[in-house]
Amino acid sequence: METADIEWVLERKHPRVFPYFKDRYALLLLAWAADEGESVRALKQGRFSALFDKPVVKDVAARAPQLTRDLLLGVSAPSVEHYRITLGRWGARRVGEWRPAAFQTTRPGENLVLQLNFPRSHHRPCFGLVAPYPRDRLWDEHPWICAGHPVARHELTLAWARIDVAFDSSEALIEEIQSDWVRNALAEARELASLRPEELSHAELFGFPSHVGVYHVLSYVEHVLAPHTRMWAEATLAAALWYLREVLQIRRVFYNTYETGTYLKDLDDQTYRPPRSLYTDLPRRFCFRRTSERPAALSRCRHPRVRKKLQRTDLEWFLLEL
């Protein structure tokens, strides 16, 4: 994205809360399709047919002869997480500073960062168990937070989506979806679970003060983090699509495939490659289709390195038209 575009977005007012429950993304996608006048029959036979296998969609479809935007967006659930949305920026502001592997962006410029932050209901048990720092020091000191990544400074970030928005072509490219907090918390719990019972009570926790015990971490991961662990990726992608369509009025959304993303970003070292499922299973679940069509902003890029990379003819992306 151009610096001016990033600053224009960051200066705008935007919704601060994103309610989410398991599979709500299916309702959002169908609501947007219904908003375009598609009938239930057309929806069931079209690109969103797989969404009708979701229990939440089956339930509302069984009760209503016609699916409308208001009906689908009005569906709720017994347990709803009210995630908090903040925005940030990421990347090289000057072309000469751009390093694709370092910034993990496919072209020079910046990404808009949509940060999905934990709901307020998460904070009290979290701070009681695994966050025994003053809140103004949490960002710098907590071992599960990577301060060099695009996390919110004054919120507790569950995950984020990095997005390259091109307003001139009304397209967006989702560059990355990631959660340091979930990855690091689960890694800590797995390591503790591998210990014998007699070792567990003497285990040391990396980066935590001594009064945080191993059972605090295990209890937090099992009881407090668990609902977010199960749906952080789909909630983050759903929030990104919602923001692009509802706030920025972007209708064509590309998503890097695993192969194309790692190739264009020079992620040759396996250590720095993202989980494959986030660039295969997740976009398919959201009914993205694979395509050889290229994001227009990428095709127009004049940077010599990008032009050389795009000489390959087998590159593919995922594409979703909202």
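Below, all heavy atoms of this structure are taken into account, side chains as well, without hydrogens, waters or symmetry copies.
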### Task
Go through Phe167 and Trp8 one step at a time and tell me if the ring pair (Phe, Tyr, Trp, His ring centres under 6.0 Å) criterion holds.
CA-CA 11 Å; Phe167 288 107; Trp8 178 81; 5.6 Å; yes
### Task
Apply the test ring pair (Phe, Tyr, Trp, His ring centres under 6.0 Å) to residues Tyr220 and His122: give CA-CA distance (whole Å), side-chain angles for both, the deciding distance (0.1 Å), then the verdict.
CA-CA 10 Å; Tyr220 169 78; His122 162 270; 5.7 Å; yes
Considering all heavy atoms of both residues, which atom of [X] and which atom of [Y] are nearest to each other, and what is their separation?
X      : Y      : value
Ser121 : Glu81  : OG-OE1, 4.0 Å
Phe21  : Glu234 : O-OE2, 4.3 Å
Leu87  : Leu114 : CD2-CA, 4.1 Å
Val40  : Leu67  : CG2-N, 3.6 Å
Glu293 : Leu319 : OE1-CD2, 3.8 Å
Pro19  : Val80  : CB-CG1, 3.9 Å

Is any side-chain heavy atom of [X] less than 4.5 Å from a side-chain heavy atom of [Y]?
X      : Y      : value
Leu173 : Trp317 : yes
Asn256 : Lys265 : yes
Ile6   : Arg89  : yes
Gln66  : Thr68  : yes
Phe118 : Leu225 : yes
Val130 : Val224 : no
Pro15  : Val247 : yes
Leu192 : Leu205 : yes

#### Entry: Step-by-step ring pair (Phe, Tyr, Trp, His ring centres under 6.0 Å) determination, Phe208 to His142
CA-CA 7 Å; Phe208 284 101; His142 201 286; 5.3 Å; yes
Do [X] and [Y] have a side chain donor and acceptor closer than 3.5 Å?
X      : Y      : value
Trp90  : Gln104 : no
Glu175 : Thr105 : no
Thr280 : Ser277 : no
Asn111 : Arg162 : yes
Tyr83  : His228 : yes
Asp180 : Trp144 : no

### Query
Under 30°, 30 to 60°, or over 60°: which ring-plane class applies to Tyr279 and Tyr258, parallel, tilted or perpendicular?
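Tyr279 and Tyr258: tilted rings.
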### Query
Relative to each other, are the rings of Phe288 and Phe286 parallel, tilted or perpendicular (30° and 60° limits)?
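Tilted: the ring planes of Phe288 and Phe286 meet at 30° to 60°.
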#### Entry: Identified side chain to side chain donor-acceptor pair (under 3.5 Å) partner of Thr86 from the options Glu155, Arg153, Gln115
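Only match with Thr86 under side chain to side chain donor-acceptor pair (under 3.5 Å): Gln115.
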Indicate if [X] and [Y] have the same hydrophobic cluster label, given that clusters are the connected sets of ILVMFWY residues with side-chain heavy-atom separations under 4.5 angstrom.
X      : Y      : result
Val17  : Leu158 : no
Leu116 : Leu10  : yes
Val95  : Leu310 : no

Within 45° of the ring axis of [Y] and under 6.0 Å from its six-membered ring centre, is that where the NZ or CZ of [X] lies?
X      : Y      : result
Arg24  : Phe18  : yes
Lys58  : Phe52  : no
Arg289 : Phe318 : no

### Rounded distance [0.5 Å steps], CG in Leu27 versus OG in Ser76
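It is 10.0 Å, given to the nearest 0.5 Å.
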### Nearest-0.5 Å distance that lies between atom CZ in Arg307 and atom CG in Leu298
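Atom-to-atom, Arg307:CZ and Leu298:CG are 11.5 Å apart.
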### Message
Take a 6.0 Å sphere around CD of Glu191 and say whether it holds more than 12 heavy atoms from other residues, nucleotides or ligands.
### Response
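No.
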### Query
Is atom CZ of Arg312 surrounded by more than 12 heavy atoms (other residues, nucleotides or ligands) closer than 6.0 Å?
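Buried by this count: over 12 neighbours within 6.0 Å.
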### Task
Run through Arg252, Arg251, Arg47 and flag the one making a side-chain contact (heavy atoms from CB on, under 4.5 Å) with Leu320.
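One option only clears the test, and that one is Arg47.
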### Worked verdict on Arg69 versus Glu246 for salt bridge (charged side-chain N to carboxylate O under 4.0 Å, His left out)
CA-CA 13 Å; Arg69 173 191 171 95; Glu246 296 289 330; 3.0 Å; yes
#### Entry: Test log, rule side chain to side chain contact (heavy atoms under 4.5 Å, CB included), inputs Leu218 and Glu188
CA-CA 9 Å; Leu218 293 174; Glu188 188 92 58; over 6 Å; no
### Query
Can Glu36 and Arg245 be counted as an ion pair, charged N to O under 4.0 angstrom?
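Salt bridge between Glu36 and Arg245, a charged N being under 4.0 Å from a carboxylate O: yes.
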#### Entry: Pairing residues for Arg196 by the side chain to side chain donor-acceptor pair (under 3.5 Å) criterion, not counting sequence neighbours
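With sequence neighbours excluded, Arg196 shows a side chain to side chain donor-acceptor pair (under 3.5 Å) to Glu198, Glu199, given in chain and number order.
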